Amino acid sequence: MSITYKNTVSAEEVNLLRKAVGFRQILPEQIRAGLDGSALVVSAYDCSRIVGMARLIWDGGMVALITDVLVLPEYKTQGVEQELITRLLDFLRSKLKPGFGIQVDIKVWDNREAFYESLGFQLSTPERRGTPMHICLTNQIELTDAEFKQCAFRGKEEKSK
């Protein structure tokens, strides 16, 4: 196995990875906009096959978010995820000026806190960082689901049943 890394990825490859890890697929136009708005995208290939990606959203100053860390399940234990994260962090470190600090957030899936702690991340607690919250704004996500033949969208009222 010879993994190569690039700083590009196509919308189709993103959806392939999203599907492989159990995430919903997204319209290509929206993916391209997200990729274009990223400070850095790193992708991993085994020959010509996409096997992983991660992207960095950064305000250019104090705060960064590592997101869309997507690695095919069969490559999870082969160092791909660590290399993706390392490349994003190295990029940020290269931008640090004397006296600067950048807060880097990441969302951890699949009980992988220990893995990310081994890379230097600390578990956020409400006492230290506030309570993480989110809102998902949609414009007829059920149409995207229908296009990709995904599960039906469940609104707030259905989730509470």
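Counting begins at 1 with the first residue of the sequence. Here the structure is a predicted model, which is why all the values come from computation and not from measurement.
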Hphob cluster co-occupancy, I106 + I57, side-chain heavy atoms under 4.5 angstrom: no
side-chain contact (heavy atoms from CB on, under 4.5 Å) between S43 and I50, intermediate numbers included: CA-CA 7 Å; S43 54; I50 183 83; 3.9 Å; yes
Verdict with supporting geometry, R24 and R18, side-chain contact (heavy atoms from CB on, under 4.5 Å): CA-CA 6 Å; R24 86 178 334 112; R18 289 181 63 84; 4.1 Å; yes
Non-neighbouring partners of E74 that pass side-chain contact (heavy atoms from CB on, under 4.5 Å), sequence neighbours left out: R49, L72
Shared hydrophobic cluster, V104 / M62 (ILVMFWY, side-chain heavy atoms < 4.5 Å): no
Ring pair (Phe, Tyr, Trp, His ring centres under 6.0 Å) involving Y45 - partner list, sequence neighbours excluded: none
side-chain hydrogen bond (donor to acceptor under 3.5 Å, both in side chains) partners for E29, two or more places apart: none
Contacts of type side-chain hydrogen bond (donor to acceptor under 3.5 Å, both in side chains), residue R112, not counting sequence neighbours: E81
Test log, rule side-chain contact (heavy atoms from CB on, under 4.5 Å), inputs Y116 and E113: CA-CA 5 Å; Y116 284 97; E113 291 87 353; over 6 Å; no
Nearest heavy atoms of R87 and L40, plus distance in Å: O-CD2, 4.2 Å
Gap separating the CG atom of L84 from the CG atom of L89, nearest 0.5 angstrom: 11.0 Å
All pairs passing side-chain hydrogen bond (donor to acceptor under 3.5 Å, both in side chains) where residues 51-71 contributes a residue, at least two apart: S38-R55, R55-D68
Contact summary for A64 and L92, nearest pair of heavy atoms: CB-CD1, 3.8 Å
Non-neighbouring partners of N7 that pass side-chain hydrogen bond (donor to acceptor under 3.5 Å, both in side chains), sequence neighbours left out: none
Between NZ on residue K95 and CD1 on residue I102, distance to nearest 0.5 Å: 9.5 Å
Set of salt bridge (Lys or Arg N to Asp or Glu O under 4.0 Å) partners for D90, sequence neighbours left out: R93
4.5 Å side-chain heavy-atom contact, V14 and I26: no
N15-E13 side chain donor-acceptor pair, cut-off 3.5 Å: no
L65 with V69, same ILVMFWY side-chain cluster at under 4.5 Å: no
For E127, all residues meeting side-chain contact (heavy atoms from CB on, under 4.5 Å), sequence neighbours excluded: T125
Cluster link V71 to L16, ILVMFWY, side chain under 4.5 Å: yes
Atom pair OG1 (T4) and NZ (K6), whose distance is rounded to the nearest 0.5 Å: 6.0 Å
Set of residues satisfying salt bridge (Lys or Arg N to Asp or Glu O under 4.0 Å) with respect to R32, sequence neighbours excluded: none
Pairing residues for Q82 by the side-chain contact (heavy atoms from CB on, under 4.5 Å) criterion, not counting sequence neighbours: T86, F115, L119
Linked, directly or transitively: Y5 and L70 (ILVMFWY side chains, under 4.5 Å): yes
L35 and V9, any side-chain heavy atoms less than 4.5 Å apart: yes
Candidate pair V51 and I3, rule side-chain contact (heavy atoms from CB on, under 4.5 Å), full reasoning: CA-CA 9 Å; V51 298; I3 302 296; 4.1 Å; yes
